[in-house]
Every structure is written in structure tokens, then in C-alpha cells.
**Student:** 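The structure follows.
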Amino acid sequence: MKVNENKGRSALKSRNVTICAVVVFLLITALTLMSSRYMTQCIDRENTAQSNRGELSDLGQELADASDYLTDEARKFSVTGDIEHLYNYWYEVYEEKTRDRVINSLSAIVPPENETALLAEAKKYSDTLIKTETVSMNLMFTAKGITAKQFGDSKDGRLAEYVSIVENTTLPEEYSDLSPDEMKERSREILYDSFYNDSKTMIMSPIERFRHL
């Protein structure tokens, strides 16, 4: 009887040990799986963040390049009077719309709010600079007698439309008494003076801050 009892106790003890071992194994397996899943999620989030950061950096560069392109075309028109540069300028503003596309693309990436604000600030300053560039163009128009009627359906009518936009911009009163040659000179000067350069800095500054976040 005692031998049987000892065997029974031993078997029960062995079964309990086995059950405990199985439970511990299952717990360890579950914790390992949960840990692995968490690590995978963290890695995925980090990869997504890095990918977004790369896209955001590219968008910042696009905005800077678009602003520089507008400056370049406006300056070329003020120096040469070649209407093709004026067309390129306004085609970028109204058709390509790179600056607007950059800002709209931010909503798809959903960057931190402060990053969005920086590029929106740069876009705002760029819009302000367009006013100065338009005045420069209108000075050249007035000096050379350029009107929208001269271009008819050129460039599918877009060129006349762009020229009309400039024509309808009121020149500051300070320029009303200038001679044609003085208007041409002033058309160039306002695109190279300290105010213009400071405005360009105001565009690039938030973009640079954006890049270093």
C-alpha cells in the first residue's frame, strides 16, 4: 500500500511539474511574441518616420527651388525684356504651382505642426515677394509700351492673360514721374536692392530651420 501511495504521489508531483513547465513555456512564448510584435511595430514606425522626413526635406528643397526660379525669371525679364521669361514666371505661378503643391503635399504626409508652419511661412513670404516682382514687370511694360493686346492668342492665350495680370497692377505713385529709361533701371533695381534680398532671406530662413528640425 505504501509503495502504491508513494508512486501515486510521485506521479502527481511529476504531473504538476509538467503542468507548471508548460504554463511557464506558454507565458515565455506569449511574452516573446508580444515583444517581437512590439519591436516590429517600433521599427515600422521608425522607418515610416525616416521616410517622411526624407519626403519633407525634398518638399522644403522644392519650395526653395521654386522661389529661386521665380526670382531668376523675374530678374531675366527686367534685364533683357524678353517676354519669354515673363511667360515662364507666370506659368510656374498659375500652371505648375510648385509652391502650392508643396504645401498641399504636407497634408498627405501629416508632419508635426511646427514643420508645416515653417513651410507655410516660407510660402507666405514668397507670395509677398511676387508683389515686388510684378511691380518690376509693370515698370518694364510701361517703359516699353507693352500691352496684352500685342500678344493675341500666343501660348494659347496664356501670354496675353499673364501680361494683363501685370498691366492691372497699380504702380506706386513714386514711379509715375519717371522717364522710360528710369523705369527700366528701377525695374532692375528693386529686384536687387536690400529690401528684396532681405525678403529672399525671410523665405529661406524658415526653410533652413525646417531642414534642421
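The first residue in the sequence is number 1, and the count goes up from there.
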**Student:** Do the side-chain N and O atoms of Ser78 and Arg188 include a donor-acceptor pair separated by under 3.5 angstrom?
**Tutor:**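 No donor-acceptor contact under 3.5 Å links the two side chains.
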**Student:** Count the heavy atoms of every other residue, nucleotide or ligand shown that sit under 6.0 Å from CD of Glu174, and state whether that count exceeds 12.
**Tutor:** yes
**Student:** Return yes when atom OH of Tyr192 has more than 12 non-hydrogen atoms of other residues, nucleotides or ligands closer than 6.0 Å, and no otherwise.
**Tutor:** yes
**Student:** Starting at CD1 of Ile146, measure out to CE of Met137 and round the result to the nearest 0.5 Å.
**Tutor:**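 Ile146 atom CD1 to Met137 atom CE measures 11.0 Å (nearest 0.5 Å).
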**Student:** Find the distance between CG (Leu139) and OG1 (Thr134) and round it off to the nearest 0.5 Å.
**Tutor:**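 Answer rounded to 0.5 Å: 11.0 Å.
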**Student:** Between Thr142 and Asn138 (side chain of the first, backbone of the second, donor and acceptor by atom type, cut-off under 3.5 Å), is there such a pair?
**Tutor:**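 At least one qualifying donor-acceptor pair exists.
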**Student:** Would you name the heavy atoms of Glu167 and Ala148 that are closest together and state the gap between them?
**Tutor:** OE1-N, 3.1 Å
**Student:** Ignoring hydrogens and geometry beyond distance, is a side-chain donor-acceptor pair present between Glu92 and Thr98 at under 3.5 Å?
**Tutor:**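 Present: a donor and an acceptor within the cut-off.
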**Student:** Looking only at atom types and distance, does a side-chain atom of Ser67 sit under 3.5 Å from a main-chain N or O of Leu63, one as donor and one as acceptor?
**Tutor:**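 Answer holds: no.
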**Student:** For Tyr69 and Asn88, run side chain to side chain contact (heavy atoms under 4.5 Å, CB included): C-alpha distance rounded to whole Å, both residues' side-chain angles, the deciding distance at 0.1 Å, then the answer.
**Tutor:** CA-CA 9 Å; Tyr69 177 80; Asn88 293 341; 3.3 Å; yes
**Student:** What residues, two or more places apart in sequence or in another chain, satisfy side-chain hydrogen bond (donor to acceptor under 3.5 Å, both in side chains) together with Ser179?
**Tutor:** Glu182
**Student:** Suppose we screen for side-chain hydrogen bond (donor to acceptor under 3.5 Å, both in side chains). Which residues come up paired with Asp82, at least two apart in sequence or across chains?
**Tutor:** none
**Student:** So how far is it from Arg101 CZ to Glu96 CD, rounded to the nearest 0.5 Å?
**Tutor:** 8.0 Å
**Student:** Return the set of residues passing salt bridge (Lys or Arg N to Asp or Glu O under 4.0 Å) with Asp193 (not counting sequence neighbours), or none when no residue passes.
**Tutor:**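 Result, salt bridge (Lys or Arg N to Asp or Glu O under 4.0 Å) vs Asp193: none returned.
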**Student:** Is Phe151 reachable from Trp90 through a run of hydrophobic residues whose side-chain heavy atoms are each under 4.5 Å from the next?
**Tutor:** yes
**Student:** Who pairs with Asn168 by side-chain hydrogen bond (donor to acceptor under 3.5 Å, both in side chains), at least two apart in sequence or on another chain?
**Tutor:**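 Scan of Asn168 (side-chain hydrogen bond (donor to acceptor under 3.5 Å, both in side chains), adjacent residues dropped) gives Ser164.
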**Student:** Looking only at heavy atoms, which two atoms of Arg99 and Ser126 are closest? And how far apart?
**Tutor:**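 Heavy atoms only, the tightest pair is NH1-OG, 3.1 Å.
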**Student:** Show the numbers, then the answer: is there a side chain to side chain contact (heavy atoms under 4.5 Å, CB included) between Val163 and Ile83?
**Tutor:** CA-CA 9 Å; Val163 171; Ile83 203 69; 4.3 Å; yes
**Student:** Taking the side chain as every heavy atom from C-beta outward, state whether Asp72 and Lys76 have any pair of such atoms under 4.5 Å apart.
**Tutor:**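 Asp72 reaches Lys76 side chain to side chain.
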**Student:** Using the test side-chain hydrogen bond (donor to acceptor under 3.5 Å, both in side chains), find all partners of Tyr196 that sit at least two apart in sequence or belong to another chain.
**Tutor:** Thr71, Glu133
**Student:** Membership question, hydrophobic clusters at under 4.5 Å side-chain separation (ILVMFWY): are Met140 and Leu178 in the same one?
**Tutor:**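 Shared cluster, no.
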**Student:** How far apart are the C-alpha atoms of Ile190 and Arg186, what are their side-chain angles, what is the distance that settles it, and do they pass the side chain to side chain contact (heavy atoms under 4.5 Å, CB included) test?
**Tutor:** CA-CA 6 Å; Ile190 63 176; Arg186 191 67 185 130; 3.3 Å; yes
**Student:** Any chain of hydrophobic side-chain contacts (each under 4.5 Å) joining Ile165 to Leu70?
**Tutor:** yes
**Student:** Tyr89, Tyr94: one ILVMFWY side-chain cluster at the under-4.5 Å cut-off?
**Tutor:**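 Yes, because Tyr89 and Tyr94 connect within a single hydrophobic cluster, where side-chain heavy atoms sit under 4.5 Å apart.
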**Student:** Under 3.5 Å, side chain of Glu62 to main-chain N/O of Val102, donor-acceptor pair present?
**Tutor:**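 Checked: no pair found.
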**Student:** Kindly compute the distance separating CG (Asp68) from NZ (Lys200), expressed to the nearest 0.5 Å.
**Tutor:** 4.0 Å
**Student:** Side chain of Ser136, backbone of Thr132: donor and acceptor closer than 3.5 Å?
**Tutor:**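 No: the side chain of Ser136 does not pair with the backbone of Thr132.
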**Student:** Identify all side-chain donor-acceptor contacts of residues 152-162 below 3.5 Å with residues at least two apart in sequence or on another chain.
**Tutor:**
unit_1, atom_1, unit_2, atom_2, d
Lys155, NZ, Glu84, OE1, 3.4
Lys155, NZ, Glu84, OE2, 3.1
Tyr162, OH, Glu95, OE2, 3.3

**Student:** Which pair of non-hydrogen atoms, one from Val93 and one from Asp100, has the smallest distance, and what is that distance?
**Tutor:** O-OD2, 4.4 Å
**Student:** Taking all atoms of both residues into account, what is the closest heavy-atom pair of Met183 and Ala143, and its distance?
**Tutor:**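 The answer is CB-CB, 3.8 Å.
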**Student:** Report yes or no: does Arg75 contribute a side-chain atom to a donor-acceptor pair with the main-chain N or O of Leu191 at less than 3.5 Å?
**Tutor:**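 Yes.
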**Student:** Hydrophobic clustering (ILVMFWY, side-chain heavy atoms < 4.5 Å, transitive) - are Tyr87 and Phe77 grouped together?
**Tutor:**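 Same cluster.
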